[in-house]
Amino acid sequence: MKKATWMILILLFIMTVSTVLFAKNLEADKNAIKKENLEYERYLGQNIYGAELATIINKAIDENEKNKVRKNEKNYYIENEENSIKIYINMKTVKKTYLMEEIYNNNITEFVKYFNLANFNCQTIEYHKKNGKIRSIIFEEILEE
């Protein structure tokens, strides 16, 4: 009888430790996502220069590459509902919305050259439903009056 009691206690101990470790891992994952999101969320509603927008585009491209996000035939990232990031830039001067890949693939240095001091506002941030990571960000050019 003592043996059975010890086995049950050991089993309960193992289950408790496993549950605590699982909960800590979930919390760590949530904190990592929160930290990663904050790097982009700080721009929401803020005006930034084109040079900083280029830095954000480079960061999103790096994140997609690190996460091995697949690309289509146009070399644009395919949203995967998990860890892909897309940035859209509404350009009022040319009345067109550009994908970050268009700017990046057509020499981001040229973008900085022409839009270095142009103002952009972070309009919208959307999140992946599956894990709460940032899915897309929309920036809009602000025209000086």
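Note that the numbering runs from 1 along the sequence shown for the chain.
A salt bridge is absent between Glu141 and Lys96; no separation between the charged side-chain nitrogens and carboxylate oxygens falls under 4.0 Å.
In this structure, Tyr127 OH and Arg135 CZ are separated by 12.0 Å, a value rounded to the nearest 0.5 Å. Annotation: the span from Asn64 atom CG to Asn83 atom CG amounts to 7.5 Å, rounded to 0.5 Å. Asn90 contributes atom CG, which lies 8.5 Å from atom OG1 of Thr124 (distance to the nearest 0.5 angstrom). Atom-to-atom distance recorded for Ile134:CD1 and Ile125:CD1 is 4.5 Å, nearest 0.5 angstrom. Considering CD1 of Ile103 and CD1 of Ile87, their distance stands at 9.0 Å, rounded to 0.5 Å. Within the model, atoms CD1 of Ile142 and CD of Gln123 stand 7.5 Å from one another, a figure rounded to the nearest 0.5 Å.
Screening Glu82, Glu79, Glu81 for a salt bridge (Lys or Arg N to Asp or Glu O under 4.0 Å) involving Lys130 leaves a single residue, Glu82.
No side-chain donor-acceptor contact under 3.5 Å links Glu110 to the backbone of Asn107.
For the residue pair Asn47/Asn121, the side-chain donor-acceptor check at 3.5 Å is satisfied.
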Dump the intermediate steps for side-chain contact (heavy atoms from CB on, under 4.5 Å) on Asn106 and Phe111, then the final yes or no.
CA-CA 8 Å; Asn106 290 320; Phe111 175 80; over 6 Å; no

Evaluate the side-chain contact (heavy atoms from CB on, under 4.5 Å) criterion for residues Ser84 and Asn67: first the C-alpha distance (whole Å), next the side-chain angles of each, then the deciding distance (0.1 Å), finally the verdict.
CA-CA 8 Å; Ser84 58; Asn67 293 326; over 6 Å; no

Would you check, one step at a time, whether the test side-chain contact (heavy atoms from CB on, under 4.5 Å) holds for Ile89 with Ile57?
CA-CA 10 Å; Ile89 302 96; Ile57 290 169; 4.0 Å; yes

From CA spacing to verdict: side-chain contact (heavy atoms from CB on, under 4.5 Å), Asn58, Tyr104
CA-CA 8 Å; Asn58 281 330; Tyr104 185 83; 3.2 Å; yes

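Considering all non-hydrogen atoms of both residues, Tyr77 and Glu101 come closest at N-OE2, 2.9 Å. Nearest heavy atom pair, residue Met100 against residue Ile85, reads CE-O, 3.0 Å. A pairwise comparison of heavy atoms in Phe120 and Gly50 identifies CE1-CA, 3.6 Å as the closest pair. Nearest heavy atoms, Gly132 versus Asn37: O-ND2, 2.9 Å. Closest non-hydrogen pair, Glu39 versus Tyr43, comes out as O-CE1, 3.3 Å.
Put simply, the side chain of Ile48 does not reach to within 4.5 Å of the side chain of Asn119, judged on heavy atoms. A heavy-atom distance below 4.5 Å is found between the side chains of Ser136 and Glu126. Proximity of Asn80 to His128: side-chain heavy atoms (C-beta onward) are separated by under 4.5 Å at one or more points. By the 4.5 Å heavy-atom criterion applied to side chains, Glu63 and Glu36 are counted as neighbours.
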Mind listing the side-chain donor-acceptor pairs of residues 9-17 below 3.5 Å, one per line with the distance, residues two or more places apart or on another chain?
from, atom 1, to, atom 2, distance (Å)
Thr16, OG1, Leu12, O, 2.8

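Listed by chain and residue number, Glu65 satisfy the salt bridge (charged side-chain N to carboxylate O under 4.0 Å, His left out) test with Lys71 (two or more places apart in sequence, or in another chain).
Tyr114 and Tyr49 are not part of a single hydrophobic cluster, where members link through side-chain heavy atoms under 4.5 Å apart.
Membership of an apolar cluster is not assigned to Ile33, as no side-chain contact below 4.5 Å to another ILVMFWY residue is traced.
In this structure, Lys133 fails the cation-pi test against Tyr40, since its NZ or CZ atom is not both closer than 6.0 Å to the six-membered ring centre and inside 45 degrees of the ring normal.
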